Amino acid sequence: MSPPNGQFTLCTLELRWRKSAEDEWSMALHGRILSFRQDATHLHYRAVFPPVLPTPPPANAPSAATEEEDTLALVRHYLNLEPNLAQLYELWASADPNFKKRAPKFTGIRILRQDPWEALIGFICSSNNNIARISGMVHNLCKHYGPLIGHIDGEAYHDFPTPEALADPKVEAHLKELGFGYRAKYIAKTARIVAEEKGLKWLEELCNPESPVFGKEPKPAGELLEGGREGYRTAHEELLALHGVGPKVADCVCLMGLGWSESVPVDTHVWQIAQRDYKFGKGKHSSLTAATYTAVANRFRQLWGKEAGWAHSVLFTADLKAFSERVVAKTEVKEEKVTIKQEESDIVEEIKVDRTVKTKKRIKTEEDEPEHEVIQTKRETRARSKRQRSG
DNA sequence: ATGTAGCCTCGGGT
DNA sequence: AACCCGAGGCTAC
């Protein structure tokens, strides 16, 4: 398929994509493995379905032809290609000089339409956490509790687990072992509430009717109010009742999982932006309290309108890019030193991991959770003999 | 480089 | 005076 208006960047907080070949990215989605490759003019995709079982397929099983149509529709839906982004950028820029100044280097950013349930669990994992670790956690959820869809290059691809799969009583302890920390309890509780009490239907009905889950017909969603449309407010409020879901996580789920484009998640980055460029941080709104949170979100909605969450993501990305460039510059020197030490070891991946941990510890002074990420199993192999005598 | 929950204190209002 | 209650601060997870 070719892009609707000029080139497009695929930018996402979707953490499940993996590099499956040179220049190709894949993930399991809706019961198939979806792969993307991009060249100067086109976005190429392919889908690999799991093998058909030897038993006769159910009468309503899709034929190969409809599977293909279905995949194109799924790709269009998932990448949210319908809205005219260039037009939206113009709208945001004309309303806001700061956006106009910062956005030009970050065109083509789209909010994905992620699965509501996956978004909910993913963003519960995100609290007080960093992208690399969240990605590892989500990956572990799929690996241990999600259905296996297939393999690419010997790598297994699992779909995201159902609420039922995560509602099993053993899940919490297991997730703790896997390094989820206090989020293990949040996930287990949320899964139980959704699986046994509210149902997935509840979550899906919180979707913006203009942007329903894949396969449903869109319906109008009402007018924009200062605090967002009625349906958005309800969705936000209902999500807040879940354990481990505060205002920011609820907004992320609303924006990326439920299709509420006016949702503006205010995390520390956005709070920095609000202070630097939008005159927050003084007087009544000197710290990020609940009241300040809504004031910031309302201000951005007032400024950018119904798609405020998109505009917010553009500025967020611009800021993140600037930040990561500063960090890379600082880290380069350290990398050289570490590489020299590595010769004794024979596993390249392990080296990388150790370096990451060391670097982190140098930057952070304390406070790190006593968690060990996915990585620990590998590291223990070397460390155990020394460690065990004190136990 | 990053949120949430729970518990505490403080101050205004009744 | 005793109590309620919400806002804001602090901290474990």
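Chain A is the first sequence line, chain B the second, and so forth, proteins listed ahead of strands; every chain is numbered from 1. Note that the structure is predicted; figures quoted are calculated from it, not measured. Note: hydrogens, waters and symmetry copies are ignored here, and every other heavy atom, side chains too, is used.
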Does the distance from a Lys or Arg side-chain N to an Asp or Glu carboxylate O, for [X] and [Y], drop under 4.0 Å?
X: Asp319(A); Y: Arg276(A); value: yes
X: Lys101(A); Y: Asp277(A); value: no
X: Arg233(A); Y: Glu237(A); value: no
X: Arg229(A); Y: Glu210(A); value: yes

Answer yes if Leu258(A) and Val213(A) sit in the same cluster of Ile, Leu, Val, Met, Phe, Trp and Tyr residues linked by side chain heavy atoms under 4.5 Å apart, and no otherwise. no

Give me each pair satisfying salt bridge (Lys or Arg N to Asp or Glu O under 4.0 Å) with a member in residues 153-164 of chain A, each pair once, sequence neighbours excluded.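 The answer is Arg16(A)-Asp159(A), Arg18(A)-Glu155(A).
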
Let me spell it out: for each of Leu320(A) and Val245(A), pick the nucleotide of DNA chain B with the closest heavy atom. Which residue's pick is nearer the 5' end? Leu320(A)

For the pair Trp17(A) and Phe36(A), name the ring-plane relationship: parallel under 30°, tilted 30 to 60°, perpendicular over 60°. tilted

To the nearest angstrom, how far is [X] atom [atom1] from [N] atom [atom2]?
X: Tyr293(A); N: dA7(C); atom1: OH; atom2: C1'; value: 19 Å
X: Leu240(A); N: dG3(B); atom1: CG; atom2: C1'; value: 12 Å
X: Leu242(A); N: dA5(B); atom1: CG; atom2: P; value: 9 Å
X: Asn129(A); N: dT4(B); atom1: CG; atom2: C1'; value: 13 Å
X: His236(A); N: dG3(B); atom1: NE2; atom2: C1'; value: 12 Å
X: Leu239(A); N: dA5(B); atom1: CG; atom2: C1'; value: 17 Å
X: Arg183(A); N: dA5(B); atom1: CZ; atom2: P; value: 13 Å
X: Ile134(A); N: dT4(B); atom1: CD1; atom2: C1'; value: 14 Å

What nucleotide among [options] has an atom nearest to a side-chain atom of [X]?
X: His243(A); options: dT4(B), dA5(B), dC13(C); value: dA5(B)
X: Asn128(A); options: dC13(C), dG8(C), dG6(B); value: dC13(C)
X: Thr289(A); options: dG8(C), dG6(B), dC13(C); value: dG8(C)

Residues within residues 263-288 of chain A bordering DNA chain B, heavy-atom distance below 4.0 Å: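 Asp267(A), Thr268(A), His269(A) - these, ordered by number, are the residues of the stretch whose heavy atoms sit under 4.0 Å from the strand.
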
Quote, to the nearest angstrom, the P distance that separates dC13(C) from dT2(B). 22 Å

hbond_proxy Tyr186(A) side chain to dG3(B) base (donor-acceptor, 3.5 Å cutoff): no

